[in-house]
Amino acid sequence: MDREVIKLDYSKMKVPNHLAIIVDGNGRWATKQGLSRSDGHKEGFVNLMRVLKYAYSKDIKYVSAYLFSTENFKRSKVEVDFIMGLLTGKLDDILNFCHSEKIKAIFSGRRKNLSNKVISVIEKIEDETKDYENRVFNICFNYGGRAEIVDATRKITLDIDNGKLDINSLNEEIFSKYLYQDLPPVDLMIRTSGEQRLSNFMLWQCSYAEFYFPKVYFPDFNENEFDKAILEYTKRDRRFGGIDYENKSN
Ligand code: FPP
């Protein structure tokens with residue numbers, strides 16, 4: 001692990017408005033120390049709360065986290081049940097955390113294939129935190145980026161069919177409103193564990209995101225690793241398809 005310790009003065013920095021995290025490496029973190037994969041997810045959950053607390057304290061407004069993909073159902077029943085059980089079993093912890101940090105928690109993903117118990121927990125978390133405005137935590141659960149685009153297209157087609165939407169008015173801004181959640185674009189996407197893939201995560205929202213791939217497993221992604229990610233982000237030259245005339249050399 002790169003143990004370089006850095007000190008950032010956040011008051012002078014432009015932080016991302018929307019940070020997205022692919023939580024990766026819980027399993028490898030656990031296996032490396034002789035623990036079960038479930039122990040890795042348990043530790044991942046604890047670290048997720050730490051990372052969120054730190055991110056919001058640095059004035060990041062939106063955080064999206066990929067906690068369960070539509071493809072994760074291919075894992076063993078034991079592991080799938082464990083992750084589902086983490087969500088339902090940690091309901092009180094999640095609610096206490098959201099209330100103490102004033103976080104609005106929302107979910108992105110398909111409800112199909114989720115148990116009634118999981119769905120009722122999702123609805124309870126969304127309902128109890130819906131009045132918070134300044135900090136948003138988007139939990140991508142049973143989420144797939146392609147599925148999200150297909151689901152949005154279905155809703156759009158229905159609205160065109162029933163006369164609620166004129167096909168000629170459809171543009172990117174309107175399309176975005178049909179996604180699971182109406183969120184600003186992702187500015188920085190972090191995937192821990194060293195893997196350099198998007199794995200079907202927020203395909204639409206990450207169009208112009210900066211990507212950062214720290215080598216540490218998620219349970220080791222601590223405040224210092226977070227600072228390194230933000231420092232790297234501030235060095236990136238974001239042109240959104242245009243040209244940076246101030247730095248143009250030819
Ligand atoms: C991917 O890494 C991680 C997951 C599929 C699960 C992430 C889940 C949590 C952080 C806890 C769940 C929290 C809630 C609120 C439900 P991996 O474990 O597949 O890593 P590996 O590639 O090393 O196996």
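Both counts, for ligands and for their atoms, begin at 1 and track the order of listing.
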J.: Got an N/O contact under 3.5 Å between Gly44 and ligand 1?
T.: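 The answer is no, given that Gly44 and ligand 1 share no N or O pair closer than 3.5 Å.
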J.: In the protein, what heavy atom is nearest to atom 22 (O) of ligand 1, and what distance, to one decimal place, separates them?
T.: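 Ranking protein heavy atoms by distance from atom 22 (O) of ligand 1, first comes Arg28 NH2, 3.0 Å.
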J.: Would the Tyr212 and Tyr233 ring centres measure less than 6.0 Å apart?
T.: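 No, the ring of Tyr212 stays outside the 6.0 Å limit from the ring of Tyr233, centre to centre.
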J.: Starting from atom 12 (C) of ligand 1, what is the nearest protein heavy atom, named by residue and atom, and what distance separates them?
T.: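 The answer is Leu86 CD1, 3.7 Å.
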J.: Can you tell me if Tyr208 has over 12 outside heavy atoms packed within less than 6.0 Å of its OH?
T.: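 Not more than 12 within 6.0 Å, no.
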J.: Is it true that atom CG of Asn116 has more than 12 heavy atoms of other residues, nucleotides or ligands lying nearer than 6.0 Å?
T.: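 No, CG of Asn116 has 12 or fewer neighbouring heavy atoms, counting only those of other groups under 6.0 Å.
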J.: Side-chain contact, heavy-atom cut-off 4.5 Å: Thr234 with Leu8?
T.: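 They are not in contact (no side-chain heavy atoms under 4.5 Å apart), so the answer is no.
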J.: Which option out of Val23, Val51, Asn26 puts a heavy atom nearest to atom 1 (C) of ligand 1?
T.: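 Heavy atom nearest to atom 1 (C) of ligand 1 belongs to Val23.
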J.: Would you call Glu126 and Arg111 a salt bridge, taking side-chain N to carboxylate O under 4.0 Å as the test?
T.: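 Here Glu126 pairs with Arg111 in a salt bridge, since their nearest N and O are under 4.0 Å apart.
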J.: Under 4.0 Å from ligand 1, counting heavy atoms only, is it the side chain of Trp29, its backbone, both or neither?
T.: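 Neither part.
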J.: Checking a contact table here: which protein heavy atom is nearest atom 4 (C) of ligand 1, and how many Å away?
T.: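 The closest one turns out to be His41 CE1, 3.8 Å.
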J.: Could you check atom 20 (O) of ligand 1 against the protein and tell me its nearest heavy-atom contact, residue, atom and distance included?
T.: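 The closest one turns out to be Gly25 N, 3.0 Å.
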J.: Taking atom NZ as the centre, does Lys155 end up with more than 12 heavy-atom neighbours from other residues, nucleotides or ligands that are less than 6.0 angstrom away?
T.: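 Atom NZ in Lys155 is crowded, with more than 12 foreign heavy atoms closer than 6.0 Å.
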J.: Provide the number and element of each atom of ligand 1 under 4.0 Å from a heavy atom of Phe45.
T.: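 Here the atoms of ligand 1 in question are 10 (C), 13 (C), 15 (C).
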J.: Can you confirm, on distance only, whether ligand 1 has an N/O atom lying under 3.5 Å from any N/O atom belonging to Asp24?
T.: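 There is such a contact, yes.
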J.: Would you mind telling me which of Tyr56, Phe218, Tyr54 makes a ring-ring contact (aromatic ring centres under 6.0 Å, His included) with Phe226?
T.: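 Passing option: Tyr54.
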J.: Which atoms of ligand 1 are found less than 4.0 Å from any heavy atom of Gly27?
T.: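 This gives 17 (P), 18 (O), 20 (O), 21 (P), 23 (O), 24 (O) as the contact atoms.
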J.: Got a sec: does the CD of Gln33 have more than 12 other heavy atoms crowding it under 6.0 Å?
T.: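 Atom CD in Gln33 is packed in, count exceeds 12.
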J.: Compute the minimum heavy-atom distance from Phe68 to ligand 1 and say whether it is under 4.0 Å.
T.: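 No heavy atom of Phe68 comes that close to ligand 1.
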J.: Look at atom 14 (C) of ligand 1 and say which protein heavy atom is nearest, naming residue and atom and giving the distance to 0.1 Å.
T.: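 The protein heavy atom lying closest is Leu67 CD1, 3.7 Å.
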J.: Should we say atom CZ of Arg236 is surrounded by more than 12 heavy atoms from elsewhere, each under 6.0 Å from it?
T.: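 Counting other residues, nucleotides and ligands, CZ of Arg236 exceeds 12 neighbours.
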J.: Between Glu232 and Lys235, does any side-chain N to carboxylate O distance fall below 4.0 Å?
T.: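 Here Glu232 does not pair with Lys235 in a salt bridge, since their nearest N and O are not under 4.0 Å apart.
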J.: If you measure from each heavy atom of Phe141 to ligand 1, is any distance below 4.0 Å?
T.: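 Under 4.0 Å: yes for Phe141.
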J.: Looking only at non-hydrogen atoms, which of Glu79, Arg37, Glu71 approaches atom 24 (O) of ligand 1 most closely?
T.: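 The residue whose heavy atom sits nearest atom 24 (O) of ligand 1 is Arg37.
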J.: Mind checking whether Asn72 contacts ligand 1 via backbone (N, CA, C, O), side chain (CB onward), both or neither, at a 4.0 Å heavy-atom cut-off?
T.: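 Looking at Asn72 and ligand 1, just side chain atoms fall under 4.0 Å.
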J.: Is it true that, when you exclude Asp227 itself, more than 12 heavy atoms of the residues, nucleotides or ligands shown sit nearer than 6.0 Å to its CG?
T.: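 Yes, because the 6.0 Å sphere around CG of Asp227 holds more than 12 heavy atoms from other groups.
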J.: Please list the nearest protein heavy atom to atom 19 (O) of ligand 1 with its residue and the distance rounded to 0.1 Å.
T.: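 For atom 19 (O) of ligand 1, the nearest protein heavy atom is Arg75 NH2, 2.6 Å.
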J.: Heavy atoms only, cut-off 4.0 Å: how does Lys90 contact ligand 1, side chain, backbone, both, or neither?
T.: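 It is neither; nothing of Lys90 touches ligand 1.
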